[in-house]
Amino acid sequence: MTPHSIRRSFLISILALGCLCAAAAVASDRKALVGGRLIDGFGHRPVANSVILISGDTIERIGTIDTLPVPAGYEVISTEGMDVLPGLWESHAHLMLTGHADYAHWHPTYADRFADEIMPASAVQLLLAGVTSARDLGAPLEASISVKTRIDNGEIPGPRLYVSGPFIQHEAYPGTESYRWGVKGADDARRKVRKLADAGVDVIKLIDQDQMTLEEARAVVDEAHKQGLKVVAHSHRPNEIRRGLEIGVDNFEHTGLTTAPEYPEDVVKLLKERTATGRVSGGPLYWTPTVEGLFQYESTVDNPEKLDSDCWHRGLQPDTIADIQQSLQQPGQLEYMQLTPLRKPTLKRKIQQLREAGVVFLVGTDSGIPTKFHCQSTWNELAVLVYEMGMEPMDAIRAATYWPSVMMGVADRTGTVSEGKLADVIAVKGDVLRYINLLQDVDLVIKGGTVYKQDGRVIESAL
C-alpha cells in the first residue's frame, strides 16, 4: 500500500469514526417518553399511553403508542404506570433564603455567599423537586442576575428563573437596603424601575404600596408596564389590595399577615369588579396565596421530622447546613411564626372569597422562609390547595404549570406539554389526579431536553 493510500485510508477511518460519534450524539439528543398518561396542562382529559418525542431542547411530536411509532435513533424512556406533566412552576420563591429561622443573623452572615453558594443550592433543589420554572421574588440585584444568567448559559443547574431583584417599597427596613429599594417621589420610582429593567429583571415586586403616595405607587406600575414588565404586589393589608387594584397591579401575593377572619366586603367587591373587566384591563387578575407554610406550621411543630430531611443539604457547605439546623432546634418557639396559629383559621374563608371573586390562582410558597425548604414546599402547596382548600386537582396542576406561563408571557415556550415548546417535563408513578401528594417524590425530571432525574435517581452527570 502506497503512503498516499495509507493516508487516505486513515482519513476515511477518522471520518467514519466522526460520523459514528455524531450519530451517537444525535441519538442521545433525541428522546421518546413512552407509555405514560399525559396531563398536558391545558386541563382536558388526559391522554393514555402517550408518546412524546423530544429533539434537542424541544418537544417534537406528541401522540400515543397506537398513533406514533418511535422512530429509529431515539432513546426510549419508559413512563409506563406514570403520570406525565409539564414541569412545575414555583411562583414565589426566595432563593437567597434556605429555611434558616433568624433573618437578623442570616442576611449579614451569608450575603457574600448568595451568588456562589446559597442561590445556586436553592436552584438545584427546586429543579430536582420537579420545578423547571421559578419566580425569585426578592434578592440583591447583582446576585439575582448572576444566578439567572449562569442557569441560562448552562453553567449551573436550576429552573428557568424569572427574577424581580430587590423589592420596591416606601422605605427599606434598616439593614435590608441590598434587596429592598425605597422610593422618594414618583421620579425616583420610575428611575428605580428603569434600573431594574435595564439590568434584565423579568418582573417588578412592589410591597407596602399603601404606604407610598398614590403618585409613587402608580409610577412604579406605569413604568413597569412601559418597560414590558408585570408587577406583583403584596396583599397582606386590605389597603395594599385597594391601592394595588387602583394602580393596576397584575398579581397579588399572600393572604394577609393579620388574623382578620375574612377580606372586607368592599375589597371583595373591588376584586369582582376587576375580574369582571379582565379582558380590557390587562388580562386575568392573578393571586399567589402561599398558604401551605401557614396551614402546616402546627403539624411541623408536632412532627418536625421533615426538617431533618437531607434534600435541602444539596449544594450547601457543611457550616451552612449546621447553622440552619441549629436555628431550627425549637420550631415551636420561632418568633417568625408566633402569629401563624391565629392566622391559620382564616385561610379557608379567604381562599373561598378569592375563588368566588374570580381570581386566577398561581402555586407559590414563599419557599426559603423559616422551616420552608425548596425541595419540599411546592408539592406541599399543591396538597394543601387540593386536600384542605377544596381545589380540583386539575385546576391545581394548571395553577402550577399553564397559568404561570401565561402570567409571565412565556406560554408560547413553556407551561404545557405541547409540540414546539421547550421540553420541560416531569413524571411520577401513580395517579396525581387522585393523590396530588405523589408529587413529593417526582421520578423523572427533564428540563430543556436534559434528564436531571430518572427512576427517582439524580443524574449527577447532568448537574
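Note that this is a predicted model, so its numbers are computed, not measured.
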Ile426 and its side-chain contact (heavy atoms from CB on, under 4.5 Å) partner, picked from Ile446, Leu439, Val84, Asp443: Leu439
Modelled atom types, side-chain donor and acceptor of Thr320 and Glu117, under 3.5 Å: yes
Does a donor on one side chain sit under 3.5 Å from an acceptor on the other, for Gln329 and Gln325? no
Say whether Thr300 and Lys306, considering side chains only, have a donor N or O and an acceptor N or O under 3.5 Å apart. yes
Is the side chain of Gln376 donor-acceptor paired with the backbone N or O of Lys372 at a distance under 3.5 Å, no angle test? no
Taking atom types as modelled and ignoring hydrogens, do the side chains of Ser418 and Thr416 form a donor-acceptor contact shorter than 3.5 angstrom? yes
With under 30° as parallel and over 60° as perpendicular, where do the rings of His92 and His254 fit, or are they tilted in between? tilted
Distance only, no hydrogens: is a donor on one side chain within 3.5 Å (strictly under) of an acceptor on the other, for His234 and Asp208? no
Going by heavy atoms in the side chains, are Leu95 and Leu126 under 4.5 Å from each other? yes
Take Asp188 and Lys192 through the salt bridge (Lys or Arg N to Asp or Glu O under 4.0 Å) test and state the conclusion after the steps. CA-CA 6 Å; Asp188 186 40; Lys192 286 189 166 70; 2.8 Å; yes
Validate the cation-pi geometry between Lys350 and Tyr263: distance from NZ or CZ to the six-membered ring centre under 6.0 Å, angle to the ring axis within 45°. yes
Val232 side chain near Met407 side chain, heavy-atom distance below 4.5 Å: yes
If we check side chain to side chain donor-acceptor pair (under 3.5 Å) with Asp210, which of these qualifies: His170, Arg237, Arg242? Arg237
Less than 6.0 angstrom separating the ring centers of Trp287 and Phe252, yes or no? yes
Cation-pi between Arg135 and Tyr162: NZ/CZ under 6.0 Å from ring centre and within 45° of the ring axis? no
Closer than 3.5 angstrom, by distance alone: can the side chain of Thr149 be matched with the main-chain N or O of Ser146 as a donor-acceptor pair? no
Looking only at side chains, do Asp40 and Tyr402 share a donor and an acceptor under 3.5 Å apart? no
Glu90 versus Thr365, side-chain donor and acceptor atoms under 3.5 Å: yes
I'd like to know whether the aromatic ring centres of His107 and His105 sit less than 6.0 Å apart in this structure. no
Decide yes or no for Pro157 and Ile151: does some side-chain heavy atom of the first lie under 4.5 Å from some side-chain heavy atom of the second? no
Are Asp83 and Tyr435 linked by a side-chain donor-acceptor pair shorter than 3.5 Å? no
Are the aromatic rings of Tyr103 and Tyr336 close, with centres under 6.0 Å apart? yes
Full working for salt bridge (Lys or Arg N to Asp or Glu O under 4.0 Å) between Glu460 and Arg314: CA-CA 12 Å; Glu460 297 290 351; Arg314 180 175 285 270; 3.0 Å; yes
Using only atom types and a distance under 3.5 Å, with no angle test, would you say the side chain of Gln209 pairs donor to acceptor with the backbone of Ala217? no
